[in-house]
Amino acid sequence: MTRYFTEDHEWIEVDGDTATVGITEYAQGQLGDIVFVEVPSEGASLTKGGDAAVVESVKAASDVYSPVSGTVTEGNPALADDPALVNTAPEGDGWFFKLTIADKSELDGLMDESGYKAFCDTL
Amino acid sequence: MRVSETQEPAETETLPLDAWHRARGARMVPFAGYEMPIQYEGILAEHEWTRSHAGLFDVSHMGQLEISGDGAAAAIEAVLPIDLSTLKPGRQRYSLLLDENGGVLDDLMVTNAGDHFYLVVNGATKWDDIAHLREHLPDDITLTHLAEDALLALQGPQAAGALAQLGFEPVEGGPRVEDMTFMDNAVFIWSGATVRVSRSGYTGEDGFEISVPADKAEALADALCEQADVKPIGLGARDSLRLEAGLPLYGHDMSPETSPIEAGLAFGINKRRRSEGGFPGAQRIQRELAEGTAKKLVGFTVEGRMPVREGAPIYSEDAEVGRITSGGFAPSVGAPIAMGYVETQYSAPGAPLEAEVRGKRVPLTVETMPFIPHRYYRKGAAK
């Protein structure tokens with residue numbers, strides 16, 4: 001399994017044709033206390049860079065974009081009752097959704113972990 | 001991920017406690033023209049700390065003004081709907097700066113400071129307020145902007161106990177800080193400086209606002225935060241605390257487009273002034289007091305967990321009947337709450353309405369405010 005990152009602070013972990021998407025530790029730190037997450041439903045069709053989910057902190061609502069195009073197979077049901085999972089385990093149990101990847105070549109432009117870390121250091 | 005909140009313009013100034021906030025890990029954001037701390041450890045924890053202990057807020061962005069001169073009371077009454085004949089020395093009262101049409105230019109606190117009046121106005125509006133007052137006050141009345149004074153708010157059930165430890169010395173037989181009651185205002189000597197203290201705030205909790213010379217602000221903030229019950233709190237929690245307390249925020253819940261009667265602030269139009277008039281917008285205010293208004297600011301509980309925020313339209317079935325002006329997750333309620341304007345026929349507590357958020361309808365119920373009971377320290381209240 002390989003994990004990639006976007007400049008908008010999403011991570012995507014790829015396993016064959018399927019992948020899991022969430023927001024990064026850096027992103028949750030910027031957002032602060034998360035009180036609500038809206039994840040896409042099974043079957044939803046997402047496009048690379050398009051709106052995929054909404055995460056709300058006490059202060060504001062933020063859009064989460066899909067790192068690649070594809071079809072959602074599952075939204076994380078645990079976030080409905082426990083949105084703070086995104087604060088405590090953003091890159092683990094606080095994942096947002098799983099999808100079937102439409103075109104694996106879309107992964108090419110994404111960063112790997114060291115590339116993303118270097119990117120965050122510039123912010 | 002991208003935060004959709006609109007950012008304030010980047011040209012900002014710093015306040016006396018800027019370095020103090022940064023040293024304590026504050027995240028600073030532009031607000032009302034200044035770099036301000038929005039949070040330290042996190043808005044939820046800071047909110048809950050203030051409700052259970054005492055939070056220290058830096059509100060030095062707010063405008064502190066003095067008005068003096070022969071006839072100052074009459075001059076102020078010509079611009080504010082306040083009755084200063086019933087405001088005793090050492091007492092503070094909420095009032096409203098109104099335009100000629102009765103729209104709200106600002107809300108503010110007025111204190112009878114004995115030989116002058118002391119006003120605290122909103123940070124974002126202070127320069128406009130000063131210009132408005134200079135234009136409308138007679139030339140022999142002196143308006144002074146206390147631009148060199150910081151303003152700290154200490155709020156929460158442990159605020160009085162913590163402040164009492166600092167040894168503020170009463171001036172001229174005035175009360176001790178712990179003996180002041182809600183809306184009392186007095187001057188003290190602390191560490192060689194004159195500080196002005198009011199027992200009031202913007203959280204719904206008991207607490208104080210302390211005006212202190214800028215060069216003593218760090219020492220005062222340190223002395224307060226040395227108390228085990230006191231932590232610094234950011235603007236994020238200040239907003240969630242005031243929302244739960246049902247306290248409207250200028251520029252959001254009221255503006256020049258709304259009258260104080262629509263905003264539920266009729267208490268800011270003092271009794272004698274209601275009958276006598278003689279303040280800006282009096283004609284409209286008197287008519288609205290007699291006949292009511294077409295829309296009203298009300299509070300809402302929100303079904304589910306999704307926050308309903310400023311700008312969301314409000315519906316009764318298919319008809320758009322209002323708009324949310326403030327909303328978010330309420331930590332002490334454990335659910336989202338909001339306030340907004342609705343057509344008066346839909347404003348009764350219990351009325352079922354819906355807000356639209358990202359194309360989805362969210363059920364709302366009109367709720368009597370405050371959402372969390374006020375715990376002000378009023379005269380005659382049990383200790």
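Quick note on labels: first sequence line is chain A, next is B, and so on, each numbered from 1.
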Using every non-hydrogen atom in the two residues, find where [X] and [Y] come nearest and quote the distance to one decimal.
{"X": "A:Asp33", "Y": "B:Gly42", "answer": "OD2-C, 3.5 Å"}
{"X": "A:Gly32", "Y": "B:Gln39", "answer": "CA-OE1, 4.4 Å"}
{"X": "B:Ile38", "Y": "A:Lys59", "answer": "CD1-CE, 3.4 Å"}

Heavy atoms of other groups near [X] [atom1], more than 12 under 6.0 Å:
{"X": "B:Glu320", "atom1": "CD", "value": "yes"}
{"X": "A:Asp51", "atom1": "CG", "value": "yes"}
{"X": "A:Asp81", "atom1": "CG", "value": "no"}

#### Entry: Segment of B:Arg309 engaging chain A (4.5 angstrom heavy-atom cut-off)
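Interface part for B:Arg309: side chain.
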What part of [X] is in contact with chain B, defined as an atom under 4.5 angstrom from a non-hydrogen atom: side chain, backbone, both or neither?
{"X": "A:Ala53", "answer": "neither"}
{"X": "A:Val37", "answer": "neither"}
{"X": "A:Thr24", "answer": "neither"}

### Query
Out of curiosity, A:Phe36 CZ to B:Met306 CE, how far, rounded to the nearest 0.5 Å?
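With rounding to 0.5 Å, CZ (A:Phe36) is 5.0 Å from CE (B:Met306).
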### Task
Could you tell me the separation between the CG atom of A:Asp63 and the CZ atom of B:Arg358, rounded to the nearest 0.5 Å?
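A:Asp63 CG to B:Arg358 CZ: 7.5 Å, rounded to 0.5 Å.
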### Message
Taking side-chain contact (heavy atoms from CB on, under 4.5 Å) as the criterion, tell me which of A:Ile34, A:Asn87, A:Val58 meets it with B:Leu44.
### Response
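Exactly one option meets the side-chain contact (heavy atoms from CB on, under 4.5 Å) with B:Leu44, and it is A:Val58.
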### Query
Would you find a donor on one side and an acceptor on the other, under 3.5 Å apart, between the side chain of B:Arg27 and the backbone of A:Gln30?
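Flag set: sc B:Arg27 to bb A:Gln30 pair under 3.5 Å.
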